[in-house]
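A, B, ... follow the sequence lines: proteins, then strands. Residue 1 opens every chain.
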Protein chains: 4
Amino acid sequence: MSATKKKSNQANAAAPERRRELLDTAAEVFAAQGYNATTVRKIADAAGMLAGSLYYHFDSKESMLDEILSTFLTELWEGYDAVLAASLGPRETIEALVTESFREIDRHRAAVAIYQKESRHLVDLPRFHYLADSQRRFEKAWLGTLERGVADGVFRADLDVRLTYRFVRDTVWVAASWYRPGGRHSPEEIARQYLSMVLDGIAVRA
Amino acid sequence: MSATKKKSNQANAAAPERRRELLDTAAEVFAAQGYNATTVRKIADAAGMLAGSLYYHFDSKESMLDEILSTFLTELWEGYDAVLAASLGPRETIEALVTESFREIDRHRAAVAIYQKESRHLVDLPRFHYLADSQRRFEKAWLGTLERGVADGVFRADLDVRLTYRFVRDTVWVAASWYRPGGRHSPEEIARQYLSMVLDGIAVRA
Amino acid sequence: MSATKKKSNQANAAAPERRRELLDTAAEVFAAQGYNATTVRKIADAAGMLAGSLYYHFDSKESMLDEILSTFLTELWEGYDAVLAASLGPRETIEALVTESFREIDRHRAAVAIYQKESRHLVDLPRFHYLADSQRRFEKAWLGTLERGVADGVFRADLDVRLTYRFVRDTVWVAASWYRPGGRHSPEEIARQYLSMVLDGIAVRA
Amino acid sequence: MSATKKKSNQANAAAPERRRELLDTAAEVFAAQGYNATTVRKIADAAGMLAGSLYYHFDSKESMLDEILSTFLTELWEGYDAVLAASLGPRETIEALVTESFREIDRHRAAVAIYQKESRHLVDLPRFHYLADSQRRFEKAWLGTLERGVADGVFRADLDVRLTYRFVRDTVWVAASWYRPGGRHSPEEIARQYLSMVLDGIAVRA
DNA sequence: TATGAATGAGGTTTCATTCAT
DNA sequence: AATGAATGAAACCTCATTCAT
């Protein structure tokens with residue numbers, strides 16, 4: 001994902017499971033404490049090794065973050081692209097995107113939480129420009145679907161579509177901050193409840 | 001708010017304008033860059049002084065954060081308590097709380113953004129235990145109102161009230177991440193749109 | 001000695017020689033310049049490393065001081081306890097304590113000098129409360145022996161025993177301020193001279 | 001005392017009582033906490049003013065120390081010189097010097113304590129060279145008297161006179177660390193007890 | 001005389017990173 | 001693969017000192 005990856009420590013692609021383990025550990029700590037507040041030593045502690053040893057596996061703390069986020073976004077877009085390629089109606093598209101999003105939160109909770117908290121600052125770094133690309137595609141997919149729904153008469157025309165987009169987008173992703181995999185609700189159940197609220201409202205109809 | 005406030009630099013309460021100016025500056029930088037990524041030098045630069053000079057006014061970077069958050073929460077609860085004391089019906093209470101919340105975002109955008117991003121880690125520090133207290137009161141107010149609404153038959157009984165609470169709560173506060181005071185929408189307009197969406201849904205009624 | 005010693009850098013107890021070397025270096029500088037006037041950079045210079053590198057081995061400048069003093073006191077009390085356990089007569093006990101003291105000065109000159117200069121302020125810090133404990137035991141041992149000697153008729157009854165205790169105590173320990181190991185006088189020789197003066201006086205007998 | 005005293009704040013000789021008050025305050029704090037550990041703010045707090053205000057009265061923290069020490073030494077030498085000019089016998093000279101010393105401790109306890117703790121480092125600063133001068137005169141007076149006493153047969157010849165000098169000198173001055181003016185013993189009484197111990201010993205004569 | 005606010009140098013500490021083993 | 005020790009930059013903070021009022 002990041003543009004320039006010299007030969008670097010990617011060479012260790014020979015033992016990718018260890019890499020993945022370490023990245024998962026790092027992601028948990030980043031999510032719990034914030035990227036800046038996370039020292040490389042904390043990650044190493046959590047992984048049962050010394051700080052310096054991490055540099056056998058990764059170029060830098062930043063490259064860990066990079067790999068966590070880019071891996072997540074790659075998988076996210078696989079799911080989204082499948083949904084978008086299905087050419088569903090606007091309501092069904094929204095339902096599918098929301099459901100897919102909660103599934104991603106289930107699979108990549110830490111990465112989503114990191115993305116939420118850090119992406120704003122990171123976008124400024126050349127290495128993380130791909131975050132901006134992703135955001136643009138994201139907005140296009142969601143906003144487009146909402147607009148199509150308004151045009152088709154399935155979504156209300158009296159709401160500011162841009163405001164609605166922001167509300168919907170944020171509420172979905174911020175769920176990563178409280179969601180715990182294996183909890184009371186499956187991702188699909190959460191998606192169902194959320195969609196029911198957003199589509200039909202919480203008020204009893206007169 | 002924070003437990004031990006010796007005589008310390010709080011003594012300068014005599015000339016609070018400069019203090020407030022500096023705290024506003026600090027809050028902007030914290031909100032823009034994140035608390036940990038904000039160096040005390042950046043704050044000083046933004047305030048047009050040297051880093052060390054900040055310590056004439058404040059004990060530490062952390063105490064600036066403390067004062068920003070506690071001031072915000074104090075004002076927030078003044079507004080909330082007024083609403084709760086009015087003994088409105090559940091729907092009207094939700095409407096008033098949402099409107100009040102967007103007004104607070106309008107007034108304390110930076111503080112709200114900081115609160116959103118940092119409160120999770122901060123709660124662990126004894127000094128910031130009051131954040132947890134506030135969260136508990138917050139949950140009680142919102143969740144209680146939703147439950148009362150369900151009991152009264154004004155809110156739908158088929159939605160998980162706890163999930164609904166989380167969605168509603170998050171959507172309100174994340175707005176601080178994109179809201180710009182003086183922008184296209186007034187806080188009241190945003191609240192209206194938001195309430196319309198959450199209460200009645202975005203789908204056109206069958 | 002100090003109450004809370006998390007895992008921290010004490011963990012390096014596996015390779016204690018480097019630690020001890022560095023502490024010896026630090027003790028020399030502390031003794032020569034005073035604890036407060038000693039910058040951590042001066043210690044690092046004397047040790048041939050950079051200031052930051054010291055923090056690989058120690059938590060803080062204060063913890064270096066703590067370890068220097070507590071190590072010294074531990075060894076001192078080993079010697080003292082052996083003397084006190086021997087149940088000698090009062091005069092012989094004083095002789096043995098004085099001799100042991102000068103031996104400790106010989107072995108831990110820097111630590112003793114630091115103790116002399118800094119213990120008064122340090123006792124106020126919770127971390128250094130053990131200094132007060134040590135002082136109490138110290139007083140009990142010396143004062144008790146003097147009192148026993150007076151009761152037994154081997155020490156003069158016309159002197160204020162408390163004043164005498166202070167004079168004796170001080171004279172022993174201030175020696176650390178001028179004593180140089182390997183100098184003209186061995187610790188035992190100094191002890192002998194000192195005991196002769198204190199026991200029999202410097203005046204020629206009438 | 002200190003060589004170069006430009007026009008400086010000595011100009012305030014108009015109101016010398018305030019000056020003296022402030023110096024007494026400063027001396028107490030220096031003695032209690034050590035010169036380096038004493039911030040100018042602590043002195044100002046103790047004097048009931050702000051740190052900056054001290055600079056109306058004094059050029060610098062160092063010049064306060066200078067004035068405290070030089071004033072003390074001036075008075076000390078007035079007393080010593082009177083004793084030395086009296087041409088007493090060696091034993092009577094020692095008695096008079098010790099008595100005079102305890103009187104100085106009574107009058108200048110803080111200054112003596114500071115002198116004890118700080119003079120070693122200070123001597124290196126040009127401004128405080130006079131401390132070295134004083135030490136030389138001091139040694140000459142005491143050591144000379146002891147040697148004269150040995151030659152005259154009033155002091156024992158079997159003791160190392162240099163060691164004895166150090167013991168006597170240190171024990172006298174270190175008393176400043178525990179002496180409290182207005183306590184159980186007058187300076188003269190302490191001197192009597194001390195002289196009795198040092199001259200005749202604490203052991204009962206066989 | 002004293003205050004309030006600031007400066008600027010320097011101190012302690014943290015931390016990502018490197019590297020020989 | 002990992003350790004142990006160190007580097008060096010930069011962070012937070014302290015403090016003597018200055019100065020307009």
What is the distance from [atom1] of [X] to [atom2] of [N], rounded to the nearest Å?
X	N	atom1	atom2	answer
N36(B)	dT14(E)	CG	C1'	12 Å
L50(D)	dT17(F)	CG	P	16 Å
R41(B)	dA9(E)	CZ	P	13 Å
D66(A)	dA16(E)	CG	C1'	17 Å
E62(D)	dC15(F)	CD	P	17 Å
F58(C)	dC15(E)	CZ	C1'	19 Å
M49(D)	dT3(E)	CE	C1'	10 Å
L54(D)	dT18(F)	CG	C1'	14 Å

By nearest atom, which of the nucleotides [options] is closest to the [X] side chain?
X	options	answer
T39(D)	dC15(F), dA2(E), dT17(E)	dC15(F)
S60(D)	dT7(F), dA6(E), dT17(F)	dT17(F)
K61(D)	dT17(E), dA2(F), dT17(F)	dT17(F)
H57(D)	dT17(E), dA2(E), dA6(F)	dA2(E)
Y56(B)	dA5(E), dT17(F), dA2(F)	dA5(E)

* Asked: In Å, rounded to the nearest 0.5 Å, how long is the span from CD1 of I114(B) to CZ of F72(B)?
  -> 10.0 Å

* Would you say F58(C) and R19(C) make side-chain contact, with heavy atoms under 4.5 Å? -> yes

* Asked: Any side-chain heavy atom of M64(A) within less than 4.5 Å of one from L54(A)?
  -> yes

* If you pin T38(D) and A51(A) to their nearest nucleotides in DNA chain F, which one's is more 5'? -> A51(A)

* Pairing partner (Watson-Crick or G-U wobble, both distances under 3.5 angstrom) of dA10(F) -> dT13(E)

* Structure fact -> Scanning all shown strands, the Watson-Crick or wobble mate of dT3(F) with both distances under 3.5 Å is dA20(E)

* Heavy-atom pair with the smallest gap, counting every atom of R18(C) and A47(C) -> NH2-O, 4.2 Å

* Considering all heavy atoms of both residues, which atom of A51(D) and which atom of V40(D) are nearest to each other, and what is their separation? -> CB-CG1, 3.6 Å

* Is it true that R20(B) and E17(B) make a salt bridge, defined as a side-chain N closer than 4.0 Å to a carboxylate O? -> no

* Asked: Is the backbone of V123(D) close enough, under 3.5 Å, to the side chain of H129(D) for a donor and an acceptor to pair up by distance?
  -> yes

* Asked: How would you label the contact of V40(D) with the nucleic acid (heavy atoms, under 4.0 Å): base, sugar-phosphate, or nothing?
  -> base

* To do: Please confirm whether K61(A) makes a cation-pi placement over Y35(A), using NZ or CZ under 6.0 Å from the six-membered ring centre and within 45° of the ring normal.
  => yes

* **Gap in Å between the two P atoms, one belonging to dT21(F) and one to dT1(E), rounded** => 22 Å

Close N or O pairs between protein and nucleotides 19-21 of chain E (under 3.5 Å):
none

* To do: Verify the contact: side-chain N or O of R18(B) to OP1 or OP2 of dG4(E), cut-off strictly under 4.0 Å; return yes or no.
  => no

